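When a ligand or atom number is given, it counts from 1 through the structure's own listing order. In this text, all values refer to a predicted model and were calculated from it rather than measured experimentally.
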Amino acid sequence: MDTIDRPVRGTHAVENQPPPLAGYDLAEHDTALLEGLRREGAGWDEDGLHALGTLAGSEEAIAWGFEANRYLPELRTHDRFGNRIDEVAFHPSWHRLLATAVEHGLHGAPWRDPGHGAHVARAARFFVWSQVESGHGCPVSMTYAAVPVLRRRPDLAALFEPVLTAPVYDPGLRPLRAKRGALCGMAMTEKQGGSDVRANTTRAEPFDGDTYALTGHKWFCSAPMSDAFLVLAQAPDGLTCFFLPRVLPDGTRNGFRIERLKDKLGNRSNASSEIELEHALALRIGDEGRGVATIIEMVNHTRLDCVSGSAALMRQALVQAAHHARHRRAFGGLLADQPLMENVLADLALESEAATTLMLRLAGALGRGGGDAREAAFARIAIALGKYWVCKRAVAHTGEAMECLGGNGYVEETIMPRLYREAPVNSIWEGSGNVNALDLLRALAKQPASREAYFAEVGLAAGVDAHLDRAVAALREELPEGATPPEGAARRIVERMSVVLQTSLLVRHAPSAVADAFCASRLGGEGGLAFGTLPDSADTRAILDRAWPA
Ligand SMILES: Cc1cc2nc3c(=O)[nH]c(=O)nc-3n(C[C@H](O)[C@H](O)[C@H](O)COP(=O)(O)OP(=O)(O)OC[C@H]3O[C@@H](n4cnc5c(N)ncnc54)[C@H](O)[C@@H]3O)c2cc1C
């Protein structure tokens, strides 16, 4: 019969779906990144950045990111005979991600080779590689940040810095001297307090010289398979910083037990644990009672990575959203050509560029800060500003970018849910929003040099945009020298200072389409609260074409 002979039409024609976004160099079309890299003195690493960007955009690496988050780390407390082993088993993709990060120096290159722009080059690489997967960035950042703390004890630094900065990924528990490469974690937070570490109860009893025996718990200890940890504990004269190896020099396991792994919202590829310390031997760094002052050396570095990690989330979210909208049709045209979608994407692009530009400026200041007091003062205040604001924006940004993909964006087969779930963590750790904002007010009041450095920096863009000039004048009025603003105003002030700083950077370094729209929408009262509310004057097409060329 006619009807039976006729070829059966499938009901499952796949139409109007974008092609997979793979096989590209993540750095290639990121103009803001490449311009900033050169401006901040790391243009020499362009080839290295493109090589890592190409790997990050490969199908293979994208698959590693998905697998590391699908097959989660598992805690193995005992072996089959009942011996404690306290090991975490990871999917091979986790190891590939981490090995790549280490081999590209993300955990320590600027310490091994502290040339001009070294921290900028490292931040740019971290930014590009984090776009594949964020969780493995945690041990990478902590190792990077631990080195300046370790240097407080030059004898310890001489022993351990070479292995902690070696571009070799060498997992497995062995004494540090037997390792070709090692990673370092940090254990400060306890059940009764994370922000207020003075409440720590872990005890440190003098054992032999500068070796102490630590007993207590830590409520959050990420990357517990690391080879060593910086730990805070109460010594006889108060809270003190220690370097605690997992394995002792004679090959025996230290008194470090992993109780359980956290079941987290995001950052799921990374194991975060609760640990118990029982007479764990550790070496003192800094004087007894100076624990916070000692460990604070790492804060600028971990906070910079919170900015870089959040900027990376935004960049990847934007690229995914723009790619989708450039291929998906609705109501007779491409989504990207619909004026309202173009407004949303351009607004997301502005936020992403502002974050990237600030990240590179901060990394430059951090690198130069060693020999330049003004840059050091600027880094002190601007990294805290960036940490507060860029991390906060990433949460809203990834949510809006997800919506650009419609229902597809809500599905785990895209990277969007992973970006969205990852976003809040950078704001929570290393000084949650309020703590970070209050810290900034203290810096303003007690370190006049950082206040001066801030106003000197934003002053470099004076006279170009009236909105910016007015905003700077208002800030100067609200923050007279030596004043301590009320605590309740901290977020408002910090937010304003951050946006003004970002605007000043864009006015100086970005094309006028970007700078003008950012000024008008963020400072001029011409934008709304959600993304996609740029004023009619905004050249949305030019903004989007710069961010992700068609
Ligand atoms: C995924 C993940 C990994 C982590 N990894 C580690 C790790 O490896 N090592 C480690 O030591 N810790 C780690 N942490 C812990 C993290 O650093 C702490 O959660 C964080 O410092 C906040 O401490 P808390 O949880 O005790 O909250 P609290 O200190 O109780 O703070 C709760 C809230 O109160 C606010 N707050 C605190 N004080 C004030 C104040 N004076 N005024 C106004 N508001 C205030 C805070 O901003 C926060 O919003 C991790 C956390 C997460 C989520």
Side-chain angles (χ1 to χ4, degrees), residues 69 72-73 88 133-146 149 183-202 214 216-233 239 241-242 244 246 256 258-277 291-292 294-296 298-299 301-303 305-306 309-310 313 384 387-388 391-392 394-395 418 421-442 484-494:
N69 283 276
L72 300 182
V88 183
E133 205 283 324
S134 302
H136 76 285
C138 174
V140 169
S141 288
M142 291 195 291
T143 306
Y144 167 59
V149 180
L183 295 169
C184 187
M186 290 170 188
M188 295 167 282
T189 307
E190 297 188 0
K191 293 187 188 74
Q192 69 284 356
S195 309
D196 188 2
V197 288
R198 293 167 310 176
N200 273 193
T201 58
T202 297
L214 271 51
H217 82 281
K218 294 290 168 184
W219 183 234
F220 272 96
C221 175
S222 290
M225 67 296 166
S226 297
D227 301 281
F229 296 85
L230 294 177
V231 182
L232 288 179
L239 195 66
C241 179
F242 294 93
L244 187 153
R246 278 290 308 268
F256 178 109
I258 306 174
E259 294 297 299
R260 60 173 173 162
L261 300 187
K262 301 284 196 187
D263 186 6
K264 296 176 290 184
L265 167 72
N267 196 259
R268 290 176 71 79
S269 64
N270 177 35
S272 299
S273 66
E274 295 164 19
I275 59 163
E276 296 281 339
L277 303 173
V292 173
T294 304
I295 211 161
I296 211 83
M298 55 105 184
V299 158
H301 299 89
T302 45
R303 286 186 176 174
D305 278 8
C306 291
S310 298
L313 291 173
K387 155 77 166 92
Y388 176 81
C391 298
K392 286 263 171 273
V395 180
R418 177 145 53 91
R421 283 196 305 266
E422 183 70 23
V425 72
N426 286 330
S427 194
I428 290 175
W429 84 299
E430 284 312 278
S432 305
N434 288 353
V435 169
N436 196 67
L438 291 172
D439 176 43
L440 222 129
L441 286 201
R442 265 191 301 280
T484 311
E487 284 195 7
R491 276 189 182 232
R492 183 170 46 76
I493 292 170
V494 168

Item to complete: Indicate yes or no: does an N/O atom of Gly431 lie under 3.5 Å from an N/O atom of ligand 1?
Response: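 No, Gly431 has no N/O under 3.5 Å of an N/O on ligand 1.
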Practice prompt. Say whether Met188, considering both its backbone and side-chain N or O atoms, lies within less than 3.5 Å of an N or O atom on ligand 1.
Written response: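 For ligand 1, there is an N or O atom that lies under 3.5 Å from one belonging to Met188.
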Gap between atom [atom2] of [Y] and atom [atom1] of [X] - 0.5 Å precision:
X      : Y      : atom1 : atom2 : answer
Ser432 : Asn426 : OG    : CG    : 11.5 Å
Ser195 : Asn434 : OG    : CG    : 8.5 Å
Glu430 : Ser141 : CD    : OG    : 9.0 Å
His217 : Thr189 : NE2   : OG1   : 9.5 Å

Among [options], which one has a heavy atom closest to [atom]?
atom                    : options                        : value
atom 3 (C) of ligand 1  : Ser222, Ser195, Ala490, Ala199 : Ser222
atom 39 (C) of ligand 1 : Thr302, Val435, Ile428         : Val435
atom 35 (C) of ligand 1 : Asn436, Asn200, Asn434, Ile295 : Asn434
atom 53 (C) of ligand 1 : Trp429, Trp219, Phe220         : Phe220

Worksheet item: Any protein heavy atom under 4.0 Å from atom 12 (N) of ligand 1?
Response: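 When distances to the protein are checked, atom 12 (N) of ligand 1 has a heavy atom within 4.0 Å.
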Item to complete: Can you confirm whether something in the protein, heavy atoms only, sits under 4.0 Å from atom 30 (O) of ligand 1?
Response: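 Looking at atom 30 (O) of ligand 1, one finds that no protein heavy atom lies closer than 4.0 Å.
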Number the atoms of ligand 1 from 1 as they appear, then name those within less than 4.0 Å of a heavy atom of [X], with their elements.
X      : result
Gly193 : 26 (O)
Lys264 : 1 (C)
Leu438 : 40 (C), 41 (N), 42 (N)

Discussion item. Please find the pair of heavy atoms, one from Met225 and one from Arg246, that lie closest to each other, and give the distance.
Written reply: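 Heavy atoms only, the tightest pair is CA-NH1, 4.0 Å.
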Nearest to [atom], what protein heavy atom do you find, and at what distance?
atom                    : answer
atom 26 (O) of ligand 1 : Gly194 N, 2.7 Å
atom 1 (C) of ligand 1  : Val425 CG2, 3.5 Å
atom 18 (C) of ligand 1 : Thr189 OG1, 3.9 Å
atom 22 (C) of ligand 1 : Ser432 OG, 3.6 Å
atom 9 (N) of ligand 1  : Met186 O, 2.9 Å

Fill in: Under 3.5 Å donor-acceptor, Lys264 side chain and Asn270 backbone
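At least one qualifying donor-acceptor pair exists.
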